[in-house]
Amino acid sequence: NAGVTQTPKFQVLKTGQSMTLQCAQDMNHNSMYWYRQDPGMGLRLIYYSASEGTTDKGEVPNGYNVSRLNKREFSLRLESAAPSQTSVYFCASSGGGQGLQETQYFGPGTRLLVL
Amino acid sequence: GEDVEQSLFLSVREGDSSVINCTYTDSSSTYLYWYKQEPGAGLQLLTYIFSNMDMKQDQRLTVLLNKKDKHLSLRIADTQTGDSAIYFCAESGYSSASKIIFGSGTRLSIRP
């Protein structure tokens, strides 16, 4: 049981390049989330998926797209990266029926640097 | 909108108790959490409390909730160097699709 896994761990992009951050969970969770973490600002929700087949915008969705590929996987795409998207990106999942319906379990993060 | 606020830094002597405070604005919060983030890692759930509880104790951790003042605190007894981390307060509602609102985190540093 690996929990929530994210790839890559670290990425450097040039302005205008595109990339997809991958996330997978093996806990049979219904909901999945993408956050970005910037110094002094805590975590901000980019997009979330309450269940397979649905996605919704969070607090800071501009410049990103997501795909809930199946129940396990939720990817985040940057179509044209900008320096303002330099951040640490965390994927999380929740809804495992273990008595803490809303507890979110986090992946280790992807550190993205956009030059 | 909903907001969760914490102080950014706390420094504590090893062996003393640490108290990390948090305030939130959403009166309909159902779950309140403390997450711990160690350097270079993701967030890890430390403990949680339901909004109908006043206190929860789990080994060295004590969570106190004052629902009237919308104030949550985390007390770590006998603070150790391994407790150095960023601690995030968070809240969410009841729905399974509820979003968790995180505070900006309190960086706890331990001095010898």
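Throughout, a chain's letter reflects where its sequence line sits, starting with A, and its residues are numbered from 1. In this text the structure is predicted, and so the values were computed from the model without any measurement. What's counted below: heavy atoms across the whole structure, side chains too, no hydrogens, waters or symmetry copies.
Residues A/Leu45 and A/Tyr64 do not share a hydrophobic cluster, defined by chaining ILVMFWY side chains whose heavy atoms lie under 4.5 Å apart. Hydrophobic clustering places A/Tyr47 together with A/Leu112 (ILVMFWY residues linked when any side-chain heavy atoms are closer than 4.5 Å, directly or through intermediates). No continuous path of ILVMFWY side-chain contacts below 4.5 Å connects A/Ile46 to A/Leu113, so the two sit in separate hydrophobic clusters. Criterion: ILVMFWY side-chain heavy atoms under 4.5 Å apart, direct or through other members. Under it, A/Tyr105 and A/Tyr89 are not part of a common hydrophobic cluster. A/Met19 and A/Trp34 fall within a single hydrophobic cluster, where Ile, Leu, Val, Met, Phe, Trp and Tyr side chains are chained together by heavy-atom contacts under 4.5 Å.
A/Phe106 has its ring centre less than 6.0 Å from the ring centre of B/Phe102.
Ranked by heavy-atom pairs under 4.5 Å with chain B, the list A/Glu59, A/Gln37, A/Arg111 is led by A/Gln37.
Note that OH of A/Tyr33 is 6.5 Å distant from CD1 of B/Ile100, once rounded to the nearest 0.5 Å.
Residue contact with chain B, scored on non-hydrogen atoms closer than 4.5 Å, is absent for A/Arg44. Only the side chain of B/Gln37 comes within contact range of chain A, judged by heavy atoms closer than 4.5 Å. Proximity to chain B (any heavy atom under 4.5 Å) is shown, for A/Gln6, by neither the backbone nor the side chain.
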Assess whether side-chain contact (heavy atoms from CB on, under 4.5 Å) is satisfied between B/Tyr35 and A/Leu43, documenting all intermediate values.
-> CA-CA 12 Å; B/Tyr35 280 84; A/Leu43 278 79; over 6 Å; no
